[in-house]
**Q** 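One structure coming up, written as structure tokens, with questions to follow.
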Amino acid sequence: MIAAGADEAGGGRAGHDRAAYTHLAPVSTARSLVRTEGSSGVRHRRLGSRRESMTISHDIALLSQRRAEHSGACTAKCPECATGSSGCAARRPAPDSRRHAAGAPMKTLSIADILAGKAAPGDAVALQGWVRTRRDSKAGLSFVHVSDGSCFDPLQVVAKSDLPNYADEVQRLTTGCAVRVLGTLAASKGKGQAVELAAGVVEVVGWVDDPETYPMQPKRHSMEYLREQAHLRPRTNLIGAVARVRHTLSQAIHRYFHQHGYFWVHTPIITASDCEGAGEMFRVSTLDLANPPRTAEGRVDFGQDFFGREAHLTVSGQLNVESYCLALSKVYTFGPTFRAENSNTRRHLAEFWMVEPELAFADLNDDVALAEDFLKFIFRAVLDERADDMAFFAQRVEKSAISRLEALVEADFARLTYTEAIAALQKANVAFEFPVSWGMDLQSEHERWLTEHHVGRPMAVTDYPRDIKAFYMRQNDDGRTVAAMDILAPGIGEIIGGSQREERLDVLDARLDEMGLPKEDYWWYRDLRRFGTVPHCGFGLGFERAMMYITGVENIRDVIPFPRTPRNADF
RNA sequence: UCCGGCAUAGCUCAGUCGGUAGAGCAGGCGGCUGUUAACCGCCUUGUCACAGGUUCGAGUCCUGUUGCCGGAGCCA
């Protein structure tokens with residue numbers, strides 16, 4: 001589905017055609033490229049001083065001179081160059097380009113800065129980035145789209161044939177070449193962009209070896225192929241946008257908690273604790289696998305291992321963060337977590353990031369309120385700060401990418417107990433694959449129906465049967481449910497799961513016994529209930545799941561830079 | 001882990017009933033144009049995933065292996 005069809009030349013690309021525009025998409029998400037009104041004021045702040053302008057002019061002259069010298073040296077060293085061989089290593093200016101850069105005192109502007117109006121037409125500007133496309137005009141100029149990743153849009157460089165290295169280098173630029181361009185920002189004479197850079201100097205910082213086999217060709221690639229080129233795929237439109245949104249979402253998460261008085265607790269990656277619950281864990285060991293020490297019974301003697309006991313990668317920071325919650329009151333953990341489950345689906349990773357806040361002197365109502373406020377804040381931040389990338393997702397990946405986020409941000413979350421939800425599902429005139437009965441866990445189809453059809457907006461389902469939930473969730477007075485909650489959202493289903501924690505030692509112990517969990521393994525967790533216990537609650541948000549929801553990207557492997565899945569830890 | 005699908009040029013794919021392989025893009029050369037994934041002409045490129053089997057003959061049919069994808073389970 002991902003790469004159906006081969007009509008890269010034609011139109012009629014559906015919104016779900018994820019591969020089509022991953023690389024060079026001329027998608028115009030640039031709106032007000034340069035604010036003409038008042039832009040001179042901005043310019044003065046950044047580049048307008050006489051001294052800076054002179055520096056830039058000097059820089060251009062300097063680089064021109066060095067370019068000329070360099071070309072001469074190249075020809076002398078390399079007879080092949082004269083024949084026009086493009087693969088000649090000796091002609092490549094890479095070593096010299098360091099000198100060029102070192103000798104350039106001018107401040108380089110990012111494309112994001114330029115498009116934000118920090119330079120105005122007429123300003124001298126230095127730009128550095130990677131070539132997306134080159135289009136030549138025999139009339140004596142080339143159009144080179146350069147991207148530096150600072151924002152979605154590339155900047156068009158107009159290079160004229162009077163450049164000293166025009167025929168020798170500019171016309172040999174291919175997709176992926178790294179360039180540094182000094183020039184003058186100008187209002188574009190063409191359509192499709194408001195401004196462009198009239199090049200005074202085009203310096204090739206890094207050539208592309210063998211352009212024919214450069215993996216990121218200016219065409220559609222399948223998502224599967226891009227995963228195999230994970231080191232180069234950030235140069236595509238899609239993965240670049242994902243990377244920027246990931247950053248913005250991460251920053252928004254930290255900002256939300258910081259602004260609301262939560263402390264970020266760095267819970268451990270390696271855990272020797274046995275009490276993190278079910279789920280296969282990755283073992284951490286320094287033992288010689290071929291010849292491990294054995295106990296008298298013939299078992300592997302982990303007492304001789306690095307930590308003196310078995311150790312694993314964490315599957316959740318929750319239990320650890322609870323201990324800091326019962327001291328700092330409002331805390332959260334945000335880091336990588338690991339599951340060694342052999343689950344190969346589009347929604348699972350062996351290594352993923354999780355956000356887990358924990359709040360003391362608080363109950364399930366506070367938990368739901370926090371989740372709602374938190375989700376609205378972080379989604380709003382992405383909409384506000386990455387409008388360019390979100391426009392791309394809405395245009396090329398998932399039509400409703402923006403609208404459903406806006407709907408969530410505006411919505412008043414509904415609330416339903418599990419028992420009420422089951423009643424509603426049983427009354428629904430819908431043929432569910434899994435029959436509905438009290439005591440069962442809600443399937444994805446049930447969650448989707450509840451949030452999309454029953455209430456038609458984001459919702460919290462609370463108070464689930466105790467028998468289908470974890471040992472640490474607080475038992476309700478009815479004796480058969482626990483104070484757990486899931487946040488469900490249209491278009492995805494469950495996005496957050498949380499609970500009020502069992503703060504009563506006797507109830508917790510009874511629960512541990514019931515589930516056959518050895519109390520001694522939970523000694524420090526139980527201590528928290530012995531020494532100044534308080535009602536507290538928290539929830540977990542899978543960061544990549546949130547990324548999928550935001551971007552509409554269907555496979556979780558494409559919203560994380562280097563995905564780890566069964567049989568795949570390349571890069 | 002289970003079920004299903006797929007594997008052909010650097011990339012995206014076509015390949016009919018079994019008869020030794022094709023298009024577009026990329027790349028090269030030329031033309032044309034303030035171009036917009038430009039366009040036009042010509043040219044270059046193959047261990048048909050791997051290992052067996054059936055057959056006069058296998059990209060095509062059969063078996064196995066590996067990898068990838070989707071769904072389920074598990075979950076975030």
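In what follows, every chain begins at residue 1, and chains take the letters A, B, ... in the order their sequences are listed.
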**Q** Starting at atom CD of A/Glu224, determine the distance to atom P of B/A49, rounded to an integer number of angstrom.
**A**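 So the CD-P distance, A/Glu224 to B/A49, works out to 17 Å.
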**Q** May I ask you to verify whether the side chain of A/Gln217 and the base of B/U12 hold a donor-acceptor pair under 3.5 Å?
**A**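 When only heavy-atom distances are counted, A/Gln217 does not reach the base of B/U12 through any donor-acceptor pair under 3.5 Å.
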**Q** Checking contacts here: which listed nucleotide (B/G27, B/G70, B/C74) is nearest the side-chain heavy atoms of A/Glu341?
**A**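 Of the candidates, B/C74 comes closest.
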**Q** Between B/G73, B/G70, B/C69, which nucleotide gets closest to the side-chain atoms of A/Thr345?
**A**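 Looking only at side-chain atoms, A/Thr345 lies closest to B/G73.
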**Q** In terms of side-chain heavy atoms of A/Ser222, which of B/U12, B/C68, B/G27 is nearest?
**A**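 In terms of side-chain proximity for A/Ser222, the closest of B/U12, B/C68, B/G27 is B/U12.
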**Q** Side chain of A/Gln443, heavy atoms from C-beta onward: which of B/G73, B/G27, B/U35 has the nearest atom to it?
**A**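 Among the listed nucleotides, the one closest to the side chain of A/Gln443 is B/G73.
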**Q** Between B/U35 and A/Arg134, is there an OP1 or OP2 to side-chain N/O distance shorter than 4.0 Å?
**A**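 The answer is no; no side-chain N or O of A/Arg134 sits under 4.0 Å from OP1 or OP2.
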**Q** Given B/C29, B/C69, B/G34, identify the nucleotide with an atom nearest to the side chain of A/Glu196.
**A**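 Nearest to the side-chain atoms of A/Glu196, counting from C-beta on, is B/G34.
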**Q** For atom CZ of A/Phe334, decide whether the heavy atoms of other residues, nucleotides or ligands shown that lie under 6.0 angstrom number more than 12.
**A**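 Counting neighbours around CZ of A/Phe334, more than 12 heavy atoms of other residues, nucleotides or ligands fall under 6.0 Å, so yes.
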**Q** To the nearest 0.5 Å, what is the distance between OG1 on A/Thr267 and CE on A/Met354?
**A**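 That separation rounds to 9.0 Å.
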**Q** What I want to check is whether an N or O donor and acceptor connect the side chain of A/His348 with the base of B/C75 at under 3.5 Å.
**A**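 Result: at least one qualifying N/O pair found.
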**Q** Establish, yes or no, whether the cationic atom of A/Arg235 lies under 6.0 Å from the six-membered ring centre of A/Tyr214 and within 45° of the ring axis.
**A**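 The answer is no; the distance or angle limit is not met.
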**Q** Do any side-chain nitrogens or oxygens of A/Asn555 fall under 4.0 Å of OP1 or OP2 in B/G70?
**A**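 Affirmative; the distance criterion is met.
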**Q** Does A/Arg347 have a side-chain nitrogen or oxygen under 4.0 Å from the phosphate oxygens OP1 or OP2 of B/G73?
**A**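 For B/G73, neither OP1 nor OP2 has a side-chain N or O of A/Arg347 closer than 4.0 Å.
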**Q** Check whether any side-chain N or O of A/Gln500 sits under 3.5 Å from a backbone N or O of A/Arg474 as a donor-acceptor pair, and report yes or no.
**A**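 No; zero donor-acceptor contacts below 3.5 Å.
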**Q** Could you please name the option among B/C74, B/U36, B/C11 that lies closest to any side-chain atom of A/His221?
**A**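 Given the options B/C74, B/U36, B/C11, the side chain of A/His221 is closest to B/C11.
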**Q** Of all the nucleotides listed (B/G10, B/C74, B/U36), which has the minimum atom distance to the side chain of A/Gln193?
**A**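 Comparing B/G10, B/C74, B/U36 against the side chain of A/Gln193, the answer is B/U36.
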**Q** Confirm from the modelled atom types if A/Gln229 and B/G10 form a donor-acceptor pair under 3.5 Å, side chain to base only.
**A**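 Answer no: no donor N or O sits under 3.5 Å from an acceptor.
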**Q** Just compare B/C74, B/C68, B/A38 and give me whichever is closest to any side-chain atom of A/Arg135.
**A**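 For the A/Arg135 side chain, the nearest candidate turns out to be B/A38.
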**Q** Show the numbers, then the answer: is there a side-chain contact (heavy atoms from CB on, under 4.5 Å) between A/Leu163 and A/Val202?
**A** CA-CA 8 Å; A/Leu163 290 171; A/Val202 175; 3.9 Å; yes
**Q** From B/C75, B/C69, B/A38, pick the nucleotide closest to the side chain of A/Thr133?
**A**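 Looking only at side-chain atoms, A/Thr133 lies closest to B/A38.
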**Q** Counting only side-chain nitrogens and oxygens, does A/Arg557 get under 4.0 Å of the OP1 or OP2 atom of B/C69?
**A**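 Indeed, a polar side-chain atom of A/Arg557 lies that close.
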**Q** Could you work out which one of B/U35, B/G10, B/C69 sits closest to the side chain of A/Tyr225?
**A**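 Per side-chain heavy atoms of A/Tyr225, the pick is B/G10.
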**Q** Considering only atom P, compute the distance from B/A14 to B/U8 and round it to an integer number of Å.
**A**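 Between the two P atoms, the distance is 10 Å.
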